[in-house]
Amino acid sequence: MLGDRGAIHYVFPALSAGPEEAGNFLIVVTGVSVTVLATRTLRSDRPVSVVAEFSRHTRLGPILPGFVIELGSMAFEFDEEYAAVVAAADAEIFAPEILPADPLPEL
């Protein structure tokens, strides 16, 4: 479904935080894009379509109260445990000097 959008760097599940586009989603960050995939209602690990695609230079943060991010005109809510994923995805592009060294670079 991602085609030639590069290797996957980060993935996290999210829910629509607004009345439009209600449903479950996966936010997929690759080397070249940030893609929003719609998933099945009862199987949120199964993407069914591409909802939106943004340049990799799209900032995911800031994280709004309630663990919400805005991408374009859409807002997505995610579990607190994925806040570090959002921060790491942004740091990779906008502040790579703050990322720790890869502990297993051979993998």
**Item:** Value rounded to 0.5 Å, distance of CD1 in I93 from NE2 in H9
**Value:** 8.0 Å
**Prompt:** Out of curiosity, does V32 fall in the hydrophobic cluster containing Y10 (side-chain heavy atoms, cut-off under 4.5 Å, transitive links)?
**Reply:** no
**Message:** Assess the residue pair S33 and T30 against the criterion (side chain to side chain donor-acceptor pair (under 3.5 Å)); give the C-alpha distance rounded to whole Å, side-chain angles, the decisive distance to 0.1 Å, and a yes or no.
**Reply:** CA-CA 5 Å; S33 69; T30 69; 3.3 Å; yes
**Message:** If I take atom CG from residue D90 and atom CG from residue L60, how far apart are they, to the nearest 0.5 angstrom?
**Reply:** 4.5 Å
**Message:** So for atom CD, which belongs to E80, do other residues, nucleotides or ligands contribute more than 12 heavy atoms lying within a distance under 6.0 Å?
**Reply:** no
**Fill in**
Output for pair (D79 CG, F12 CZ), nearest 0.5 Å, gives 11.0 Å
**Request:** Using the rule that two of Ile, Leu, Val, Met, Phe, Trp, Tyr join whenever any of their side-chain heavy atoms come within less than 4.5 Å, decide whether V34 and M74 are in one cluster.
**Result:** yes
**Prompt:** Any side-chain heavy-atom pair from F67 and V86 closer than 4.5 angstrom?
**Reply:** no
**Message:** Is the shortest side-chain heavy-atom distance between V29 and I8 below 4.5 Å?
**Reply:** no
**Request:** Mind running side chain to side chain contact (heavy atoms under 4.5 Å, CB included) on L37 and V48 for me, showing each step along the way?
**Result:** CA-CA 7 Å; L37 302 176; V48 293; over 6 Å; no
**Request:** State yes or no: do L15 and F76 share one hydrophobic cluster built from I, L, V, M, F, W and Y residues joined by side-chain heavy-atom distances below 4.5 Å, directly or via other members?
**Result:** no
**Prompt:** Hey, are the side chains of I63 and F78 touching, using non-hydrogen atoms and a 4.5 Å cut-off?
**Reply:** yes
**Request:** Taking the side chain as every heavy atom from C-beta outward, state whether R59 and E70 have any atom pair closer than 4.5 Å.
**Result:** no
**Message:** Show, in sequence, the C-alpha distance, side-chain angles and deciding distance for V68 and E77, and conclude whether the side chain to side chain contact (heavy atoms under 4.5 Å, CB included) test is met.
**Reply:** CA-CA 4 Å; V68 173; E77 182 178 351; 4.2 Å; yes
**Request:** State yes or no: do F25 and V85 share one hydrophobic cluster built from I, L, V, M, F, W and Y residues joined by side-chain heavy-atom distances below 4.5 Å, directly or via other members?
**Result:** yes
**Prompt:** Could you go step by step and tell me if I27 and V11 meet the side chain to side chain contact (heavy atoms under 4.5 Å, CB included) rule?
**Reply:** CA-CA 6 Å; I27 311 296; V11 178; over 6 Å; no
**Request:** Considering non-hydrogen atoms only, spot the tightest contact between P13 and L26 and give its length.
**Result:** CA-CD2, 3.9 Å
**Fill in**
OG1 (T35) and CD (E53) are apart, to the nearest 0.5 Å, by 4.5 Å
